[in-house]
Trainee: 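Attaching a single structure in C-alpha cells format; questions to follow.
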Amino acid sequence: MALLMNPLSNLETYDISEDLGFILEDPLEELPDPYQPWIRLAKNLPSLIDDQQLRDEVKKLPELSICHLQGHKELRLAHLALGCITMGYVWEGGDKDVTQVLPRIIAVPFCEISKKLGLPPIMVYADCVLANWKKKDPSGPMTYDNMETLFAFPGGDCSKGFFLVSLLVERAAASAVKVIPDIFDAIINKNCNVLKEGLRTVSSSLREAEQTFHLVHEYVDPIDFFKILRIYLSGWKGNSLLPEGLKYEGVWNNPRKFSGGSAAQSSIIQCFDALLGIQHGSVHENSSAQFLQEMRDYMPPSHKAFLEAVASGPSVREFILSSKDADLKKIYDECVRALVDLRNYHLKVVAKYIIIPSSQLKNNANRKEVKEDEEKGTGGTDLMSFLKSVRDTTKKACL
Ligand code: HEM
Ligand SMILES: Brc1ccc(-c2csc3nccn23)cc1
C-alpha cells in the first residue's frame with residue numbers, strides 16, 4: 001500500500017532544525033554596515049538604561065530603510081535588536097516614567113520588519129530566547145559555559161541566565177520534534193512498534209528538559225528577576241501603566257496593544273500539547289486556551305503552521321484509545337506524566353521567582369495593596385491560576 005503523504009515529512013519547510021527544533025541555528029550577530037547604530041544601541045542597553053541615556057540616544061538614530069536587510073536571519077537579528085531597544089525605550093523609566101509613544105525613527109522600521117517576519121512589533125520569545133545566542137568557542141558544545149546571549153537587559157547576568165536556560169530547555173526537548181513525522185507515519189501505517197519507539201523518545205526528551213530546567217536556580221537570581229528583568233519583558237496589553245497601548249509614531253494613528261513576553265510563545269511546549277491531543281479547554285470559553293491560542297500569533301508563522309499541522313494530523317490519542325495494546329497506553333501516559341511533571345516543576349520555579357519575591361517586597365515596603373499587574377506574569381496573565389489550569393488539563397489527559 002502506497003504510504004499516505006505525511007504532511008510533516010519535511011521539517012525544513014517549517015523552519016525547524018533536525019538538531020535544534022525551533023531554535024534559530026547559528027544566529028547572525030552583525031547586520032550590514034548601515035544598521036550598525038541599531039546594533040550598537042542594543043549591545044549597550046544595560047549601561048544606557050542605567051545612565052538613563054537610552055531614550056536620548058534613540059532620538060539621535062539615523063532614519064534607515066530596511067531595504068538592505070537580506071534574508072531571514074538578518075530580519076530576525078534586526079527584529080531582536082529593535083525589540084530590545086523598544087522594551088528598553090518604553091520601560092527605561094520603570095513604572096514611574098512610562099512613555100506612551102515609540103518614536104518614528106524606530107517604530108517605522110520595526111513595524112516593517114515585523115510585517116515581513118509575520119511577528120508583532122514587540123520583543124517575543126523567538127527573539128530573545130531562540131535567536132539571541134552564540135557559542136563562545138564555535139567548535140565547542142551547546143552548554144551554558146560555552147554560550148553567551150547577543151543582547152542583555154539590566155540586572156547583571158539575570159537576562160543571560162533566563163534566556164539561555166530557556167534555550168537549553170528548548171534544545172533538550174527538540175529531540176522529540178524530529179520524531180513527530182515518524183510517529184505520524186506509524187499511525188498511518190498502523191505500526192505499533194515504531195509508534196512506541198517515537199513516544200519513548202518524546203517522554204525521555206521531556207524528562208531531559210525538566211532536568212535542564214534545574215539550571216535556572218544556578219543562573220537566575222529571584223530578586224533580580226522579579227525587581228528588574230521582569231519589568232523589561234512587560235507588554236502593553238492589559239497593562240494599567242499603558243491602558244491604551246503604545247503609539248507607534250509614523251505607523252498607526254492610534255495606540256496599539258501587544259502582550260508582553262510569555263513562554264506560551266514557545267512552540268515546543270504547545271507542540272507536545274498538540275501531539276498528545278491535550279486540549280486546554282475551548283478557545284470560546286476558556287481563557288487559558290484563548291491565551292495559548294493568541295500567543296501563537298507571537299510565534300514565527302512557519303512554527304505556528306507546524307503546530308496546526310500537528311494538531312490536524314492523525315490523532316495519537318484517538319489511535320491509542322482505540323488500540324488494545326496496553327503497552328502503548330502505558331507509554332502514552334509516560335509522555336503525559338512527563339509533561340505534567342515539567343509543568344509542576346515550572347510552577348515551583350514561578351513561586352520562587354515571582355510569588356515569594358512579590359510578597360517579600362509587599363511586606364518590606366508595607367505596601368497596602370499589590371499593583372494589579374504585580375500578580376500577573378510576564379505575559380500579563382493571572383499567572384498562578386493560568387499555570388495551574390494548564391497543568392490540571394494536562395493531568396486529565398492521562399488514560
Ligand atoms: C525564572 C524562570 C521562570 C519564570 C519566573 C517563569 C514564569 C512564567 C509565568 C509567570 C508564566 C505565565 C504566563 C506568562 O505570564 O508569561 C509562564 C509561562 C510559561 N513558561 Fe515560564 N517561567 C520561567 C522559566 C521558564 C522556562 C525555563 C521554561 C521552559 C521553556 C518556561 C516555560 C513556560 C511555558 C511553556 C509557559 C506557558 C504555560 C504552559 O504552557 O505551561 N518557563 N512562565
Ligand atoms: Br520576550 C520573552 C518571552 C518569554 C520568555 C520566557 C522564557 S521562559 C518563560 N516563562 C515565561 C516567560 N518566559 C522570556 C522573554
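Because the structure is predicted, anything quoted here is derived from the model rather than measured. Indexing begins at 1, ligand by ligand and atom by atom, following the structure's order.
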Trainee: Given S262, S267, A263, P357, which has its nearest heavy atom closest to atom 32 (C) of ligand 1?
Mentor: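 Nearest heavy atom to atom 32 (C) of ligand 1 lies in A263.
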Trainee: Restricting to salt bridge (Lys or Arg N to Asp or Glu O under 4.0 Å), what partner residues turn up for D97, sequence neighbours left out?
Mentor: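 Checked D97 against salt bridge (Lys or Arg N to Asp or Glu O under 4.0 Å); matches are R55.
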Trainee: Which atoms of ligand 2 have any heavy atom of G261 under 4.0 Å away?
Mentor: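 Near G261, the atoms of ligand 2 are 1 (Br), 2 (C), 3 (C), 4 (C).
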Trainee: Salt bridge check, D325 against K196: does any charged N sit closer than 4.0 Å to a carboxylate O?
Mentor: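 Salt bridge flag = yes for D325 with K196.
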Trainee: Hey, does A173 sit under 4.0 Å from ligand 1 if you only count heavy atoms?
Mentor: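 No; A173 lies far enough from ligand 1 that no heavy-atom distance drops under 4.0 Å.
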Trainee: For ligand 2, does D127 get within less than 4.0 Å through its side chain, its backbone, both, or neither, judged by non-hydrogen atoms?
Mentor: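 D127 to ligand 2: no contact under 4.0 Å from either part.
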Trainee: List ligand 1 atoms under 4.0 Å from V390, heavy atoms only on the residue side.
Mentor: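 Near V390, meaning under 4.0 Å from one of its heavy atoms, ligand 1 has 39 (C), 41 (O).
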Trainee: Please name the atom of H346, restricted to N, O or S, that is closest to atom 21 (Fe) of ligand 1.
Mentor: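 Within H346, restricted to N, O or S, atom 21 (Fe) of ligand 1 is closest to atom NE2.
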Trainee: Using a strict cut-off of 4.0 Å, indicate which atoms of ligand 2 neighbour a heavy atom of V124.
Mentor: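 Contacts of ligand 2 toward V124, numbered from 1: 1 (Br).
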Trainee: Going by distance alone, is a donor N or O of one side chain under 3.5 Å from an acceptor N or O of the other, for D137 and S139?
Mentor: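 Yes, S139 and D137 have a side-chain donor paired with an acceptor closer than 3.5 Å.
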Trainee: With heavy atoms only and a cut-off of under 4.0 Å, state how S262 meets ligand 2: side chain, backbone, both or neither.
Mentor: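 For S262, the contact with ligand 2 is made by the backbone alone.
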Trainee: Check if S266 has a non-hydrogen atom at a distance under 4.0 Å from any atom of ligand 1.
Mentor: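 Not so, S266 does not reach ligand 1.
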Trainee: Going by atom types alone, do K116 and H79 pair a side-chain donor with an acceptor below 3.5 Å?
Mentor: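 No donor-acceptor contact under 3.5 Å links the two side chains.
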Trainee: Under 4.0 Å, heavy atoms only, figure out whether ligand 1 is touched by the backbone of I354, its side chain, both or neither.
Mentor: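 For I354, only side-chain atoms sit under 4.0 Å from ligand 1.
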Trainee: Name all residues meeting the side chain to side chain contact (heavy atoms under 4.5 Å, CB included) criterion together with A176; count only those two or more places apart in sequence or in a different chain, and write none if there are none.
Mentor: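 Side chain to side chain contact (heavy atoms under 4.5 Å, CB included) list for A176, sorted by chain: V202, S205, F272.
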